[in-house]
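This is a predicted model, so every value here is computed, not measured. Sequential numbering from 1 along the given sequence is applied to the chain's residues. Note: hydrogens, waters and symmetry copies are ignored here, and every other heavy atom, side chains too, is used.
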Amino acid sequence: MSQTIRHPEILEIARREGKVTVDGLAAHFGVTLQTIRRDLTDLAEEGRLERVHGGAVLPSGTTNIGYEERRVLNPEVKDAIARACAAEIPNDISLFLNIGTSTEAVARALSGHRNLLVVTNNMNVANILAGHGSCEVIVTGGQLRRTDGGLVGNLAGNTIKQFKVDLAVIGCSALDKDGDLLDFDIQEVGVSQTILRQSRKTFLVADGSKFTRSAPARIASLEAIDTFFTDAPLTADLAAKCKGWETEVVVAPDGAPGD
């Protein structure tokens, strides 16, 4: 198989899984490790991947990857994280759900909950919960970001300031080694910061691919989060910081519901 055939498939695997490994790709294509290393070097030189130890990840930058690509990126992992998060959300509370495919997965995982008041700046979350008869949904309003159904800007932030909810569940685009939550859109960052201020308790949902990405705008530190739900163990340094911050870390198990 020629590299012109391998390269598009390597990129598709990276978009779907968040990263690729030299060993995994060599086994997948039936070629040598050296051949895959050359492929990854070529793709990195073209700016389409970033090399990391043992493989490559999607490139960091100042713009996020497209919503449809994010929606199909690690869906089973996001669902597992969402189930773990939903299991810690009680009935009879008010909560925020912000923009992101991970928070949309949490919305789907709330189907068995009762008597919830959900405030969201995510049109997709609102549509997911629209058929939930025991869930009242309030949509913030704001400037519609057509790419992903997010509502941002001053109107969204001002609406959120009218509430003081029991719990906020937020996502982020990246999480750096210092424990900072990062995003690409400064307007979205402002809304997320308002959500954190207006919540009595905060949950973060972010899969392990966020550990290998970067984004230019800072939302907050993990110090501001009560519980962080993910699928991958933290580095020893970041785990120690979370312990000092009293931020609980929950690593969701893999597998289908009921496993």
| query | Can you name the salt bridge (Lys or Arg N to Asp or Glu O under 4.0 Å) partners of Glu46, sequence neighbours left out? | reply | Arg48
| said: Are Ile170 and Phe184 linked, directly or through intermediate hydrophobic residues, by side-chain heavy-atom contacts shorter than 4.5 Å (ILVMFWY only)? | reply: no
| query | Between Ala105 and Asp79, what is the shortest heavy-atom contact and its length? | reply | CB-OD1, 3.9 Å
| said: Is it the case that the side chain of Arg51 and the backbone of Gly55 share a donor-acceptor pair, with hydrogens and angles ignored and the cut-off at 3.5 Å? | reply: yes
| said: How about NZ on Lys164, more than 12 heavy atoms from neighbouring residues, nucleotides or ligands closer than 6.0 Å, or not? | reply: yes
| Would the number of heavy atoms belonging to other residues, nucleotides or ligands and lying under 6.0 Å from NZ of Lys201 be above 12? | no
| query | Above 12 or not: heavy atoms from other molecules or residues under 6.0 Å from CG of Asn154? | reply | no
| request: Considering non-hydrogen atoms only, spot the tightest contact between Ser199 and Ala168 and give its length. | output: OG-CB, 3.1 Å
| said: Tell me which pairs pass ring pair (Phe, Tyr, Trp, His ring centres under 6.0 Å) where either residue lies in residues 91-149, with sequence neighbours left out. | reply: none
| message | Looking at Ala224, is its backbone amide N or carbonyl O close enough to the side chain of Thr202 to form a donor-acceptor pair, meaning the two atoms are under 3.5 Å apart? | response | yes
| said: Check for me, please, whether Val125 and Leu167 land in the same ILVMFWY cluster - side-chain distances under 4.5 Å, paths through other members count. | reply: yes
| request: Verify, without hydrogens or angle tests, whether Asn121 (side chain) and Leu151 (backbone) share a donor-acceptor contact under 3.5 angstrom. | output: yes
| What pairs with Phe228 under ring pair (Phe, Tyr, Trp, His ring centres under 6.0 Å), at least two apart in sequence or on another chain? | none
| task | Check for a donor-acceptor pair, side chain of Asp231 on one end and backbone N or O of Gly208 on the other, with a separation under 3.5 Å. | result | yes
| message | With rounding to the nearest 0.5 angstrom, report the CG to CG distance, Leu43 to Leu40. | response | 6.5 Å
| task | For the pair Gln198 (side chain) and Phe163 (backbone), establish whether a donor and an acceptor sit closer than 3.5 Å, ignoring hydrogens and angles. | result | yes
| field | Pairing residues for Asp176 by the salt bridge (Lys or Arg N to Asp or Glu O under 4.0 Å) criterion, not counting sequence neighbours | value | none
| field | Side-chain donor-acceptor pair present, Asp207, Ser209, cut-off under 3.5 Å | value | yes
| remark: So ring pair (Phe, Tyr, Trp, His ring centres under 6.0 Å) across residues 191-211, not counting sequence neighbours, yields Phe203-Phe229
| said: Between Leu196 and Val119, is there shared hydrophobic-cluster membership here, with clusters defined by ILVMFWY side-chain heavy atoms closer than 4.5 Å? | reply: yes
| query | When rounded to the nearest 0.5 angstrom, what is the spacing between OG in Ser102 and NZ in Lys78? | reply | 5.0 Å
| said: Does anything in residues 187-197 form a side-chain hydrogen bond (donor to acceptor under 3.5 Å, both in side chains)? List the pairs, not counting sequence neighbours. | reply: Asn98-Ser192, Arg145-Glu188, Thr194-Arg197
| query | Just by distance, do the side chain of Glu246 and the backbone of Cys242 share a donor-acceptor pair under 3.5 Å? | reply | no
| note | Distance col, row Cys172:SG vs Leu204:CG, nearest 0.5 angstrom, shows 5.0 Å
| task | Find the distance between OG (Ser134) and CG (Leu129) and round it off to the nearest 0.5 Å. | result | 11.5 Å
| query | Is Thr230 reaching over with its side chain to a backbone N or O of Val251, donor-acceptor style, under 3.5 angstrom? | reply | no
| request: In sequence, state the C-alpha distance, the side-chain angles, and the governing distance for Lys241 and Leu234, and then conclude on side chain to side chain contact (heavy atoms under 4.5 Å, CB included). | output: CA-CA 10 Å; Lys241 288 182 178 179; Leu234 275 58; over 6 Å; no
| remark: By side-chain hydrogen bond (donor to acceptor under 3.5 Å, both in side chains), Asp23 pairs with (sequence neighbours left out) none
| field | Side chain Asn115, main chain Asn91, donor-acceptor under 3.5 Å | value | no
| said: Test of understanding: with salt bridge (Lys or Arg N to Asp or Glu O under 4.0 Å), list the residues that count as partners of Asp39, not counting sequence neighbours. | reply: Arg6
| query | For Arg38, what residues pass the salt bridge (Lys or Arg N to Asp or Glu O under 4.0 Å) criterion, not counting sequence neighbours? | reply | none
| message | Using the side-chain hydrogen bond (donor to acceptor under 3.5 Å, both in side chains) criterion, which residues pair with Asp180? Sequence neighbours excluded. | response | Arg218
| query | Okay, side chain of Thr120, backbone of Leu97: is any donor-acceptor separation there less than 3.5 Å? | reply | yes
| message | The criterion is side-chain hydrogen bond (donor to acceptor under 3.5 Å, both in side chains); which residues satisfy it with Thr32, sequence neighbours excluded? | response | Thr35
| query | Thr140 side chain to Ala156 main-chain N or O, any donor-acceptor pair under 3.5 Å? | reply | no
| said: Test of understanding: with side chain to side chain contact (heavy atoms under 4.5 Å, CB included), list the residues that count as partners of Ile128, not counting sequence neighbours. | reply: Glu104, Ala107, Arg108
| Pairwise distance CG(Asn124) to CD1(Ile99) - rounded to 0.5 angstrom | 9.5 Å
